[in-house]
Amino acid sequence: MIFNPQAETMPRRQLDQLKLERLRYITRYCYENVPFYRSRFDGIGLKPEDIRALEDIRKIPPTMKEDLRDSYPFGMFAVPREQVLRIHASSGTTGKPTVVGYTKNDLDMWSEIMARIITAAGVGEDDMAQICFGYGLFTGALGLHYGLEKVGASVIPASSGNSEKQLMMMKDFGTTALIATPTYAMYLGEFAGELGYRPSDFKLRVGLFGSEGCTTELRSKIEEKLGLFATDNYGMSELIGPGVSGECEYREGLHFAEDHFLPEIVDPVTLEPKAEGEAGELIVTTLTKEGMPLLRYRTRDLTKLTSEPCRCGRTSVRMEKVMGRSDDMLKIRGVNVFPSQIESVIMQIAQISPHYMLVIRREGYQDTLEVQVELVDGSLLTSFGELEELAQTIRAKLRVVLGLDAKVKLVGPKTIERFAGGKAKRIVDLRQGEPAK
Ligand code: DLL
């Protein structure tokens, strides 16, 4: 089912025309309503009317997270405070959070694009949806909440944490759709087993996952554990929250809400445009946002785009699963390493669980990578020979994928931290100062 066939299956030529009209409109809107953009444009002699074709977008300098921080809290807003109906903010691991404001139209548009990806995942009025994202300033819960109500699903605003109660509700209320980070979904699956639940206790059917990366290998494990079919959903608070892109039932890329968000892929260092199908950093322009519009926002997320038609009939550009962030890419002894590469290796090995930690150290002038993985069967810990053999196998597989020697540390079952609730933090970087070359 397609929620809004007119918008979602629009012929590409017509879509490009719509994008251009909206780009020209939003450029002028930003120039006239956001002092930050006016001074940016004036500083380089750029006028809104210089944007005549879609390619002209490259004349606009990118907007960075630092620009939003510098205008904390409301400096980037384009409307007076009375028109702001809702505030959200990114968690902000360091310093002040990044604050976003929504007008009535922004909230309506958000529910609309959420309804599209919820429908694309196969969730509708027959579903009982349990939202296990934290309610609050984080955009995940309320974003999904209003989208689910729009498609007519019954919503359980469970929020995150209190896993025992989550499982109880899941069973007693007959939850069919689970909304969570993949990490939390995995955790719930494991915990259900520990509490003695059987798969037949649950009616789960679909999972709408997102907010963090998850390899297809890890996803299959979660699907198996919980007995559901899961889609990947992408978004970020600065742009709106979830809803920017999401998978349909074919899961061959995440459909971009391209009539509202204009994506580009650029080289993260030179900012030169990348051709379709080439990997690079995703830059997004909000085409219709009123409260806090952004021109060419640097997401730091690395992915690829394709405009090939999808079997589902939707015509929007699709983005590949996020490969990692240009700023959490690990540089180890000069080699670029993405945690997702390590995850895909780990998931293929039956004797270890899907939980891991990456510890990077500086030893002398050398960076070292230690991959800590957890054994499924603790009895292996007593057999040195078997342990050593398993560690060597994992090490050899990592070497093929990463082109780097890593140390593999096998630890006992359930000793690696679980992240009940938010996003997983699997990297511990103990290096100080400049990375060694
Ligand atoms: O995580 C919005 C969201 C909520 C998306 C719920 C999907 C579901 P932020 O907290 O601002 O917003 O974090 C945004 O999270 O730049 C990516 O690095 C990462 N991210 C989000 N979705 C995915 C995904 C929400 N599906 C940042 N795959 C983004 C990989 C993701 N990374």
Side-chain angles (χ1 to χ4, degrees), residues 63-65 68-69 87-94 96-100 102 110 113-114 116-118 120-121 123 129 131-148 159-160 177-185 207-216 218-219 222 230-247 251 253-257 261 263 268 279 281-284 286 292 294 297-304 318-329 338-341 343-344 419 421-427:
T63 307
M64 322 264 277
K65 193 168 182 90
L68 309 195
R69 285 228 182 91
I87 296 283
H88 278 284
S90 76
S91 43
T93 41
T94 50
K96 303 259 195 208
T98 317
V99 183
V100 200
Y102 302 71
W110 193 12
I113 59 173
M114 284 311 311
R116 292 184 195 173
I117 56 173
I118 289 165
V123 172
I131 301 183
C132 307
F133 286 136
Y135 277 71
L137 287 168
F138 175 57
T139 52
L142 285 172
L144 265 302
H145 185 111
Y146 288 102
L148 284 160
S159 203
S160 58
L178 176 67
I179 321 296
T181 57
T183 310
Y184 191 51
L208 273 140
F209 296 164
S211 185
E212 63 178 6
C214 172
T215 54
T216 31
L218 174 56
R219 171 160 73 189
I222 305 172
T231 61
D232 187 8
N233 299 279
Y234 170 86
M236 74 195 306
S237 353
E238 295 92 313
L239 296 175
I240 197 147
V244 176
S245 67
E247 285 176 326
R251 301 195 297 192
L254 288 75
H255 288 277
F256 229 85
F261 296 92
E281 179 180 334
L282 176 70
I283 290 196
V284 181
T286 66
M292 202 183 92
L294 291 176
Y297 187 65
R298 287 191 64 175
T299 65
R300 302 282 174 183
D301 293 318
L302 301 171
T303 181
K304 293 177 189 171
R318 281 170 290 150
M319 68 178 236
E320 215 167 74
K321 273 178 171 304
V322 173
M323 295 158 58
R325 290 178 56 82
S326 61
D327 52 5
D328 82 8
M329 180 180 79
F338 289 104
S340 60
Q341 295 175 298
E343 183 177 301
S344 65
F419 300 92
K423 308 189 195 207
K425 291 189 192 64
R426 298 195 174 99
I427 302 169

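Below, each value reflects all heavy atoms present in this structure, side chains not excepted, and no hydrogens, waters or symmetry copies. Note that ligands are numbered from 1 as they come in the structure, with each ligand's atoms numbered from 1 the same way.
- A heavy-atom distance below 4.5 Å is not found between the side chains of Glu238 and Thr63.
- Counting atoms of ligand 1 from 1 in the listed order, those under 4.0 Å from a heavy atom of Thr139 are 2 (C).
- Between Thr286 and Ile240 there is no side-chain heavy-atom pair separated by less than 4.5 Å.
- Taking 4.5 Å as the limit, some side-chain heavy atom of Ile179 sits within range of a side-chain heavy atom of Leu148.
- With contacts defined as side-chain heavy-atom distances shorter than 4.5 Å, the pair Tyr146/Met114 does not qualify.
- Ligand 1 has no nitrogen or oxygen under 3.5 angstrom from a nitrogen or oxygen of Ser90.
- Ligand 1 is never approached by Phe209 to a heavy-atom distance shorter than 4.0 Å.
- Against a heavy-atom cut-off of under 4.0 Å, Gly140 is close to the following atoms of ligand 1: 4 (C), 6 (C).
- If you look at Glu212 next to ligand 1, the close heavy atoms, those under 4.0 Å, all belong to the backbone.
- Here's the thing with Thr299: none of its N/O atoms is less than 3.5 angstrom from an N/O atom of ligand 1.
- Contact of the Leu254 side chain with the Val244 side chain is not registered, since no non-hydrogen atoms from C-beta on lie closer than 4.5 Å.
- Inter-residue side-chain proximity for Asn233 and Leu144 is flagged as unmet; no heavy-atom pair is nearer than 4.5 Å.
- Close approach to Arg325 involves these atoms of ligand 1, each under 4.0 Å from a residue heavy atom: 16 (O), 18 (O).
- Using a 4.5 Å heavy-atom threshold, the side chains of Thr181 and Phe419 count as separate.
- Close contacts between ligand 1 and Gly213 involve ligand atoms 28 (N), 30 (C), 32 (N) [criterion: under 4.0 Å to a heavy atom].
- With a 4.0 Å cut-off on non-hydrogen atoms, Leu254 does not touch ligand 1 at all.
- The nearest non-hydrogen atom to atom 21 (C) of ligand 1, considering only Ala89, Pro97, Ser211, comes from Ser211.
- Counting heavy atoms from C-beta on, the side chains of Thr98 and Ser237 never come closer than 4.5 Å.
- Annotation for ligand 1: atoms under 4.0 Å from non-hydrogen atoms of Phe133 are 6 (C), 8 (C).
- Ionic pairing of Glu212 and Arg426 is not present here: no N-O contact between side-chain nitrogen and carboxylate oxygen is shorter than 4.0 angstrom.
- Residue-ligand proximity, Val322 to ligand 1, at heavy-atom distances under 4.0 Å covers atoms 30 (C).
- Ligand 1 places these atoms under 4.0 Å from at least one heavy atom of Asp232: 24 (C), 26 (N).
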